[in-house]
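Below is one structure, written out as structure tokens; the observations come after it.
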Amino acid sequence: MLVLLVVLVVRRRQSDHAFTQALDERGERLALALWATGERYWDYHLPSGALRRLISVQRGDDGGLIEDTLQATALIHPDDLETARQALVACLDDAASRYHAVLRVSDGDAGWCWVRVRGRVIERDRAGAVVRIAGTALNVNATREAERERQIAAEVLRSMSEAVAVVDAEFRFVSVNPAFLRMTGYAESDVIGRTADMLDSDQHDTALQAQIRLQAADEGRWSGELWQRRKDGDEFLAAVELRTVHDAELDTRLHVAVLNDITQHKRTEQELRYLANFDTLTSLPNRALLSERLSRAIIRAHRQDRRVAVLFLDLDRFKDVNDSLGHAAGDRILRAAAVRLQQTVGTQHTVARLGGDEFTVVIEDLAHAHDAERVAREIINAFEAPLVLDDRREITISPSIGISLYPDHAQVPTALLKHADTAMYQAKAAGRRTFMRYDDNMDIAVRQRATLSGALRKVLDRGELRLVFQPRLSLPASRITGVEALLRWYSPEHGDIPPNDFIPLAEESGLILEIGEWVLREACMVLGRWRQHGLDAMTVSVNVSVLQLLRGDLPGVVARVLEDTGIPPHLLELELTESVLMANAEQTATKLQAFRALGVSLAIDDFGTGYSSLAYLKRLPITTLKIDKAFVDELPHDAEDAAITSTVIAMGHSLGLNVVAEGVETAAQMRFLADKGCDEIQGFWIAQPMDALQCLAFIRNWRPESLPRPSAPARVVTLP
Ligand code: C2E
Ligand code: MG
Ligand code: MG
């Protein structure tokens, strides 16, 4: 059976007039009460299912009541009949006999409306069975709609991925959504009632909070980024949108804040900015940032009437190191070099990596031009000590540095960099491990160099190269036992060009591979001809560039040349300069084994100029040490050189090596070396380098007694 909501008025039929009057009064009061509360009165008769309603209507100033009776089932929405029935069952079971339900009833033409029905039993029969229930019904359409909206809003808030917090005018948390709790790591009970500054990170000062409050109060909104602290202490960057709303019920202001965690986003943004401005390998500024900083430095210098220096730095023979040790080691060297450089010049100056092994230092606030040179010298000195790589290996590498100055040499960053680069090349040409200050003549030198490299490309085709030979004298045997082949370039356009000038160019262009192979073949062919003249035991030494060793298949080339020319391998010696060998000791050691396997000898040239350690020497499969001319020059008076030379000879012998002294120009030098047990000597005192024919004649005419007298000047044998 059912329920209904409607309103009934109880009417007891009484004939008594006074009673009727009293009843009328009550009716009026009831009408007034119903009108005031908006409720309707209903009275439900269980046995018949009839429902009487009493509805208050407004007539002018007066209130009145309309009454009707209808079947409860006709009034209630079919879908809610069950609800009504259950409410009735509950009422009948209830000790207090209360009726309560929320359901839809017909609202005439307006369709259905939601009503909240409340009532209680007002009459029972003698047996105690309920006969009537009466009560009121209130249209709750509007509140239900509002409630529904609230529920939807609450659900939206709950499911939002953005954190939402509602704070009151004092910024105390009134409510927060689950995303907010997830974001901050707090429980709801931790935050409600506390002020929002509990989340503040130390990264902002308190002034910011005050400013946010002020702006929220004035403009009703604030947006910005705030570092916030989670419960676990971690900090995150939140993008905050704050809106002020007016709570009509409480008549107060509330602020609704929506927070997005943008820490990751920010980090990516920063990374991108970093990538655009910094070199990832060394973490130094890259070319872009360098140009920017240099421009600013120039503007400042212009205002303050001061100088800016640009130091362009390139690591000597880095390419060889990179090729021989591998790129991973190359990267380590670059990182270590970057650190050494920054440490040397100090963090107040910009150190940038332009790529490859090129670095730039910008020095501001220079009062004098020579201050830049002082810094360059400091850098070169700092690189004397080996770089300790992050795999704990040690390597020594020197820089060549070019210097340009603002405003002396150029006014704009690009020109300053270009000039410093030019000066750096000059420093390389001057023998590396040094610095040069730019001057206008350098541009001319650069152009000459360019034309020289152009000309060098044609040397082989034009047959402009030739070899000269310098004899080597065995001191114990007093015999010429070998020669060193030395390269000469005569260019019709540029005249005689010394090897120290064009070999670096040939190395740079890679032409050294072809040229080196030509030298090797030519030297062996000459030796082959000499052998036909009976010089069976004569050896030939050929200088080899490290590039030949590192690129291409030098052992293969040597084997082929030996075979083609029929030279026994033990008569060929390859000379490699010390600095180059030592920079790559580990890698070259294995490569050198290939030559030893062929049976050719290996010499370390210019010994003493590099950084050989005895430990390294032992590991290299070499046969000969050639003491550099620099140590021979001042013999025998210079005590230090005398000590070094004696030590090198003794050390070489202890390692089973043949020791040769280069650049011997006097008899005194020869005697000193002979005393110390040096095996061979080479130098102008015996003979200058000569062409093949001259040299052959020199060797054949050689007699021990033809050694010059002690006082005799250096002599060159010329053939008739
Ligand atoms: P190096 O191998 O140390 O050759 C010795 C240099 O010293 C030669 O200079 C020689 O002429 C010079 N010299 C010899 N005795 C004396 C002396 O008593 N006094 C003086 N003042 N100098 C002396 P050069 O021919 O100008 O060669 C210079 C360097 O060029 C060589 O030094 C070598 O490293 C390189 N070089 C020469 N030929 C070749 C070559 O075919 N291939 C390669 N890769 N390098 C070569
Ligand atoms: Mg040599
Ligand atoms: Mg030498």
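These values consider heavy atoms only, across backbone and side chains, with no hydrogens, waters or symmetry-generated copies. Order of appearance sets the numbers: ligands from 1, and atoms from 1 within every ligand.
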For the CZ atom on R479, are there more than 12 heavy atoms of other groups (residues, nucleotides or ligands in this structure) within a distance under 6.0 Å? no
Would you say CD of E394 has more than 12 non-hydrogen atoms from neighbouring residues, nucleotides or ligands within 6.0 angstrom? yes
Which atom pair, heavy atoms only, marks the closest approach of P621 to L592? CG-CB, 3.6 Å
Where W489 and E464 come nearest, the two heavy atoms and their spacing: NE1-OE1, 2.9 Å
Relative to the Mg ion (ligand 2), which of the N, O or S atoms in E575 is the closest? OE1
Should you measure from each heavy atom of E665, which atoms of ligand 1 turn up under 4.0 Å away? 17 (C), 18 (O), 19 (N), 20 (C), 21 (N)
Which of the atoms of ligand 1 are close to E575, meaning less than 4.0 Å from one of its heavy atoms? 2 (O)
N/O of [X] under 3.5 Å from N/O of ligand 1, yes or no?
{"X": "Q548", "value": "no"}
{"X": "Q470", "value": "yes"}
{"X": "A485", "value": "no"}
{"X": "E662", "value": "yes"}
{"X": "G683", "value": "no"}
{"X": "E484", "value": "yes"}

N/O/S atom of [X] under 2.8 Å from the Mg ion (ligand 2), yes or no?
{"X": "D605", "answer": "yes"}
{"X": "D606", "answer": "no"}
{"X": "N543", "answer": "yes"}

Would you call G663 a ligand 1 contact, heavy-atom distance under 4.0 Å? yes
Residue-ligand contact K629/ligand 1, heavy atom below 4.0 Å: yes
Can you name the side chain to side chain contact (heavy atoms under 4.5 Å, CB included) partners of E563, sequence neighbours left out? none
Applying a heavy-atom cut-off of 4.0 Å, say which part of D606 lies close to ligand 1: side chain, backbone, both or neither. side chain
Got a list of side-chain donor-acceptor pairs under 3.5 Å for residues 329-345, not counting sequence neighbours?
{"residue": "R332", "atom": "NE", "partner": "D390", "partner atom": "OD1", "Å": "3.0"}
{"residue": "R332", "atom": "NH1", "partner": "D391", "partner atom": "OD2", "Å": "3.1"}
{"residue": "R335", "atom": "NE", "partner": "D390", "partner atom": "OD2", "Å": "3.4"}
{"residue": "R335", "atom": "NH2", "partner": "D390", "partner atom": "OD2", "Å": "3.4"}
{"residue": "R340", "atom": "NH1", "partner": "A382", "partner atom": "O", "Å": "2.9"}
{"residue": "R340", "atom": "NH1", "partner": "A385", "partner atom": "O", "Å": "2.9"}
{"residue": "R340", "atom": "NH2", "partner": "P386", "partner atom": "O", "Å": "3.1"}
{"residue": "Q342", "atom": "NE2", "partner": "G346", "partner atom": "O", "Å": "3.3"}
{"residue": "Q342", "atom": "NE2", "partner": "H349", "partner atom": "O", "Å": "3.2"}
{"residue": "T344", "atom": "OG1", "partner": "R340", "partner atom": "O", "Å": "2.5"}

For atom 1 (P) of ligand 1, the option (of D628, L520, D605) bearing the nearest heavy atom: D605
Any luck finding a side-chain donor-acceptor pair between S601 and E573 under 3.5 Å? no
May I ask you to check whether D316 and S400 show a side-chain donor-acceptor distance below 3.5 Å? yes
Donor-acceptor check, side chain of S404 to backbone of L416, threshold 3.5 angstrom: yes or no? yes
Rounded to the nearest 0.5 Å, what separates atom CD1 in I567 from atom CZ in R521? 11.5 Å
